[in-house]
Amino acid sequence: MSAVRLHGVRVPHMKNTAGLKPVRMDIPTVVTIPMSMHIGAPAEPVVKPGDTVMVGQPIAKAVGLVSSPVYASVSGTVKKVDDMLMSNGRFMKAVTIESDGKQDVWDQLKVPEINSFENFISAVKDSGVVGLGGAGFPTAVKLDIKDLSRIEAIIVNGAECEPYVTSDTRTMLDDAELVWEGAALLQKYLKAKRIVIAIENNKPECIKTFQKMCSGGSGIEVAVMPSIYPQGGEKVLIYNVLKKIVPEGKLPIDVGAIVINCTTLAAIARYIKTGMPLVEKCITVDGSAVKEPKNVIVPIGTPVSDLFEFCGGFKAEPKKILYGGPMMGIALPSLEYPIMKNNNAILAFDKKEAEAPEPTACIRCGTCIESCPLRLMPTEFAEAYEARDAERLGKLKVNLCMECGCCSYACPAKRPLVQTNRLAKAFLAADIAEKKAQAEKTGGEGAK
Ligand code: SF4
Ligand code: SF4
């Protein structure tokens, strides 16, 4: 892996809403807030039906090392604390709040006092902020580096390479001060020697804004990146900015890097300034079926259907609805799903855009390998998966696939490569788990 050059694909940008300032939607009558809007252990509800809650009041506490607290996004009455079916097919606890329309703010909110690295990290944890670019990893865990001398550079991710999505672009334009304050906090408490704000060259206004702020020996710099998908992928960005490759099984900090999304950073700075935890999101609403695409600010837990309605409804029957962009977004089976912390867009596409082209036979052209940012071999994955050959899948490193979709996008035969990769990864993981369980039963060596 050490000699690989990171590739990618050129996708149509479709940043239709980049010039549209976010608008606030009317407060929804009901919000449904899942307890797992992050990677790690689900939060544990601390409210029950009948409780009155106010905006910013804790409704669930973080459990374990990798978790994140959850706060009420509207004021009103808790109606239900029960299981809901998530878009990934799993059941998850969720708190449903009926809004009283007043948006009364919790009277115990206070600006956190910060005078050390430890209480900075605990403030980030209390903010409820997780990777808002889509990853959902609890940010406090990411920033809690025991040996700060390991940090060589922090990259603020402003690449936003998915087509259509412009919510980060709006953060960089409308909340540039907050991003800047967030970067200053990282300099102060993480002793970051170098902070690089990485922005794709299809966002000239954002680049101009931060270049202007950077002048004057601030220790913060702007890196203008080519607009190539997936420029915003963590490992891709580390390579393209710092020319370092994160080895298999290692973390960015192992090569001296931390990557933090620009909206995540702004949300941390906002909490530290105001004491208001993460309770709302700016969401790009777009796609060929949407009448009036917009950037909309909504309380977390707002039903997706309310956002589409606010955007004038549909101009064509929606055949595909996505949480996130078209390359890595997750398909939603209905409009009743809620907006979550890590959502940045909801897209709806008509029949023409939603239809997957009929795949034809592989012509062994190698375009999929050439376009893979990690130079993996999707064709080989497909063959090994078809043969249910776990050993070969392991050797081919299917586990490294980040499901970016470049291979499927570039394939002239329109083969559903990323879907196969997903299945192959799950198959390999299950095989490893089974072998480990067997080895434990017999007291032998576990599968590695
Ligand atoms: S989906 Fe996986 S195999 Fe395909 S291009 Fe992305 S990383 Fe490579
Ligand atoms: S890009 Fe498509 S047709 Fe070409 S080798 Fe890969 S799977 Fe086969």
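Hydrogens, waters and symmetry mates are skipped; everything else that's a heavy atom, side chains included, is used. As the structure lists them, so they are numbered: ligands from 1, and atoms in each ligand from 1.
From the protein, the heavy atom lying nearest to atom 2 (Fe) of ligand 1 is C401 SG, 2.3 Å. In this structure, the protein non-hydrogen atom closest to atom 8 (Fe) of ligand 1 is C372 SG, 2.3 Å.
With respect to the salt-bridge test (charged N to carboxylate O, under 4.0 angstrom), the residues E383 and R392 qualify. Note on K203 versus E205: no salt bridge recorded, every NZ/NE/NH1/NH2 to OD/OE distance being 4.0 Å or above. Under the 4.0 Å criterion applied to side-chain N and carboxylate O atoms, E292 and K315 are not assigned as salt-bridge partners. Using a cut-off of 4.0 Å between Lys/Arg side-chain N and Asp/Glu carboxylate O, K142 and E234 are scored as salt-bridged.
Evaluated by nearest non-hydrogen atom to atom 7 (S) of ligand 1, the leading choice among K397, M402, E370 is M402.
Listed by number with element, the atoms of ligand 1 under 4.0 Å from a non-hydrogen atom of G405 are 1 (S), 6 (Fe). Residue-ligand proximity, P373 to ligand 1, at heavy-atom distances under 4.0 Å covers atoms 5 (S). Near P378, the atoms of ligand 1 lying under 4.0 angstrom from a non-hydrogen atom of the residue are 3 (S).
Side-chain atoms of S67 come within 3.5 Å of backbone N or O of A41 as a donor-acceptor pair.
With a 4.0 Å cut-off on non-hydrogen atoms, C404 touches ligand 1 through its backbone as well as its side chain.
Ligand 1 lies less than 4.0 angstrom from a heavy atom belonging to N421.
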message: Go through it in stages, so that I can follow the logic: the residues are K244 and Y239, the test is side-chain contact (heavy atoms from CB on, under 4.5 Å), and I'd like the CA-CA distance, side-chain angles, deciding distance and then a yes or no.
response: CA-CA 5 Å; K244 289 188 174 183; Y239 181 79; over 6 Å; no
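Side chains of N261 and D168: a donor on one and an acceptor on the other come within 3.5 Å.
The heavy-atom pair separating K15 from V165 by the smallest distance is NZ-O, 2.7 Å.
Of the inter-residue distances, the one linking I121 atom CD1 with L190 atom CG reads 5.5 Å to the nearest 0.5 angstrom.
Atom 4 (Fe) of ligand 1 has an N, O or S atom of C407 under 2.8 Å away, backbone or side chain.
In this structure, F349 and Y164 have perpendicular ring planes: the angle between them is above 60°, well past the 30° mark.
Protein N/O/S atoms found under 2.8 Å from atom 4 (Fe) of ligand 2, listed by chain and residue number: C365 SG.
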